[in-house]
Every structure is written in C-alpha cells, then in structure tokens.
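When a ligand or atom number is given, it counts from 1 through the structure's own listing order. Everything quoted here is computed from the prediction, not taken from an experiment. Heavy-atom basis, side chains included; hydrogens, waters and symmetry copies ignored.
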Amino acid sequence: MFDLKHRRVFVAGHRGMVGSAIVRRLGTVDCQVLTVPRSSLDLTRQSDVEDWFQANKPDVVVLAAAKVGGIHANNVRPVDFLADNLSMELNVVRSSFEHGCKKLLFLGSTCIYPKFAKQPIAESELLTGPLEPTNEWYAIAKIAGIKLCQAFRKQYGSHFISAMPTNLYGPGDNYHPEDSHVVAALIRRFHEAKLSNAEEVVVWGTGMPRREFLHVDDLADACIFLLENYSEGEIVNIGWGSDIAIGEFAELIADIVNFQGRIVFDHSRPDGTPRKLVDTSRLNSLGWHPNIKLRKGLELTYQDFLGTLG
Ligand code: GDP
C-alpha cells in the first residue's frame, strides 16, 4: 500500500479529459496536487521539463499528457502522434527518475494491442502481432512509454507502473467534429442534427466494429487505486468489461439526444480495429470495479457538451 497522503502529486496533462478527471479525484485525497499550464511548460522540451522537475520535485507523477485524437486525426498527422508523445514520455519519465519521484503512473491505451488480438484482450497480448494501421503511430509511442517505465524498474528498481485504459468518454472531451473520438463526435453530430431538423445523421464506417467505453471518472478512480495498491512491472488494463457495436451505440446517442431521424453509415470512412474489449481480470482481482453505467455516463457527458456551447 502506497499512501498518497501529504505527497506532492504532479498531474501532467491536467487540462485534458483524463488529467482533469484525475485532478478531481485527487481532490478527495489529502495530498498536494501540482499542475502546470502548457503555456508555462511545453513537455516536449527536455531542458524546460528538467528545470521544472528540479524546482518542484514531485513525489508522485501521473503522466496523462499526450497528443490524442480519433481515427481520422491519427491517420493524417502521424508525426505529431509519434514524435510529440515520444518526447513527452522520455522527458517526464526520465526527469521523474532523476528528481527522486517515488511512484509514477504512465497512461497508455488499449490501441497498443495487436489489431487481431484475442478478445477479451489480456495484457499478455502486447507485442504478439501487427498493430491497427490507423493508429500505429500513437500505439508505437505508447508502447515505448510502457517499455521506458519497465526499463527504469529493471535497471534502477523504480516504482513506475503503466495502465491501459479502454476507450474513454466524459466531461472535458474534445467535441471537434473531425478530430474527436466517436462518443464526442456523435454527441455533437446528433445534437446539431436535432437542432437543424436534419433527416439523417452520418456515422463513419459500417457500424459493425465493437468498442468498450469507460467513463473518465471511473478511470480516474482506477488510477488512484493503482497508485495506492499496485507496484509491478506488468501493465494493467482498465475497462468496463463489455462492449457495444458502433451502430447500436449510435442509436443510444440518438435516443439520449432525442434525435428522431435516420442513421446512415458512411462506408468510405475507416472502421479501425474490429473489436477492442479488454480483459480486466488483473485489475478486478486486485479489488477494483467500475461504477458508471454507459447510459448514465452518456447522459452526463451530453450535459457537459451542452455546457460547452455557451
Ligand atoms: P478507435 O477506437 O481508435 O477506432 O477510436 P474512435 O473513437 O475514433 O472510433 C471508434 C469507432 O467509431 C470506429 O469504428 C469509427 O469508424 C467509428 N465512428 C463512427 N462515427 C465516428 C465519428 O464521427 N468519429 C469517430 N472518431 N469515429 C466514428
């Protein structure tokens, strides 16, 4: 058991959906949360990161900063997804080590697993086959981050751990129409279609792929649980435990938003990986389980989206 009480906890990426949820969750722990805006510290710049760590010396680091985006953004901006993520990881993980950080949590993603991994995907599937090409740039960077944490553990005994969240959604998501992930994209599209009385909404791909969705507040709770209760080299999946076809998911969003028209599928858009359900038995056996059911979580997220419209 690692006690977070009175520790200085640096959340890198606190403005993002994941980082902000972790900061909210840390608000219930008696610790000191450190954050730094991107305008003051660019995590891709090595010497700036070193200086910040030298000055602030966090006891605990959560690396939630990453260049992220949906299937389209990954496909068209491979350099950003590979290079920015690699430099942020290297700078933050190495500086954490050099400045005496006692525990670090690195956040990966389940897209690190092979495209045709056995479902549900166990942690042992990592590096057993080729990646899904639409997000391999991001995936390679995240795999490098996992290996970096494992390397520090192997060479120096550092208590650096890595967790792999499944597809996430919730408040603070990026609702950009093209660059977002499916949950935020469809919330926006269905909402706008309702307002304009459109007859149909276009959903990318065939509607056949299946995805598992986890509310980001559940993820944040799991992260704090792992910081307090886990210190092994093996990665840990964080997921809900079941998945849904994109077509059925679109119907659910239509229902929540109250869009009455048709749903059509644009087959010229990529489906991505056919299925991505993770095996969460490692995390469950440690004693953690998620709480927020999909419909409830989506209703909360729709409210958050409405709040961004101003
Ligand atoms: P992925 O899990 O890395 O593929 O991330 P996404 O959230 O971007 O996509 C999940 C699935 O939703 C894919 O099969 C997409 O083709 C599908 N999808 C359907 N409509 C959309 C949309 O408007 N935006 C995105 N990003 N995906 C969509």
Which residue supplies the protein heavy atom nearest to atom 26 (N) of ligand 1, what is that atom called, and how far is it?
Ser180 O, 2.9 Å
Side chains of Pro171 and His215, heavy atoms from C-beta outward: is any pair under 4.5 Å?
yes
Heavy-atom contacts with Asn135 under 4.0 Å: which atoms of ligand 1 show up? List them by number with element.
3 (O)
Salt-bridge test for Asp221 and Arg25: reply yes if a basic N is under 4.0 Å from a carboxylate O, no otherwise.
yes
Out of Leu186, Thr110, Thr273, Val182, who is nearest to atom 18 (N) of ligand 1 when you count heavy atoms only?
Val182
Name the closest protein heavy atom to atom 14 (O) of ligand 1, giving the residue it belongs to and the distance to 0.1 Å.
Asp271 O, 2.5 Å
Closer than 4.0 Å to some heavy atom of Arg189 - which atoms of ligand 1 meet that?
22 (C), 23 (O)
N/O of Val203 under 3.5 Å from N/O of ligand 1, yes or no?
no
Heavy atoms only: which of Phe213, Trp204, Phe265 is nearest to atom 25 (C) of ligand 1?
Trp204
Decide whether an N or O pair under 3.5 Å exists between His181 and ligand 1.
no
In ligand 1, which numbered atoms sit nearer than 4.0 Å to a non-hydrogen atom of Pro209?
14 (O)
By the rule that ILVMFWY residues connect when side-chain heavy atoms come within less than 4.5 angstrom, directly or transitively, which residues belong alongside Ile71?
Trp204
Classify the angle between the aromatic ring planes of Tyr138 and Phe81 as parallel (below 30°), tilted (30 to 60°) or perpendicular (above 60°).
perpendicular
Would you check if Ser162 and Lys142 make a side-chain contact, meaning some heavy-atom pair closer than 4.5 Å?
no
Please identify which atoms of ligand 1 are closer than 4.0 Å to at least one heavy atom of Arg211.
1 (P), 2 (O), 4 (O), 10 (C), 13 (C), 14 (O)
Using 30° and 60° as the class boundaries, would you call the ring planes of Phe97 and Phe152 parallel, tilted or perpendicular?
tilted
Group every Ile, Leu, Val, Met, Phe, Trp and Tyr by side-chain heavy-atom contacts under 4.5 Å, then state whether Leu63 and Val60 land in the same group.
no
Any heavy atom of Pro270 closer to ligand 1 than 4.0 angstrom?
yes
Flag this pair as yes if the NZ/CZ of Arg7 is under 6.0 angstrom from the six-membered ring centre of Phe2 and inside a 45 degree cone about the axis; otherwise no.
yes
With heavy-atom distances below 4.5 Å as the criterion, would you say the side chains of Asp48 and Leu41 are in contact?
yes
Using heavy-atom distances only, which candidate in Leu168, Thr206, Ile71 approaches atom 8 (O) of ligand 1 most closely?
Ile71
Classify the contact between Cys111 and ligand 1 as side chain, backbone, both or neither, using a heavy-atom distance cut-off of under 4.0 Å.
neither
Side-chain donor-acceptor contact under 3.5 Å, Thr280 with Asn284
yes
Ring-plane angle category for Phe259 and Phe190, please: parallel below 30°, perpendicular beyond 60°, tilted otherwise.
perpendicular
Where ligand 1 meets Lys276 - atom numbers and elements under 4.0 angstrom, heavy-atom basis:
1 (P), 2 (O), 3 (O)
Short version for Ile246: what comes under 4.0 Å of ligand 1, heavy atoms counted, is side chain
List ligand 1 atoms under 4.0 Å from Gly70, heavy atoms only on the residue side.
8 (O)
Relative to the heavy atoms of Asn167, which atoms of ligand 1 are at a distance of less than 4.0 Å?
2 (O)
Per-atom contacts, ligand 1 versus Ala185 - under 4.0 Å to a heavy atom
22 (C), 23 (O), 24 (N)
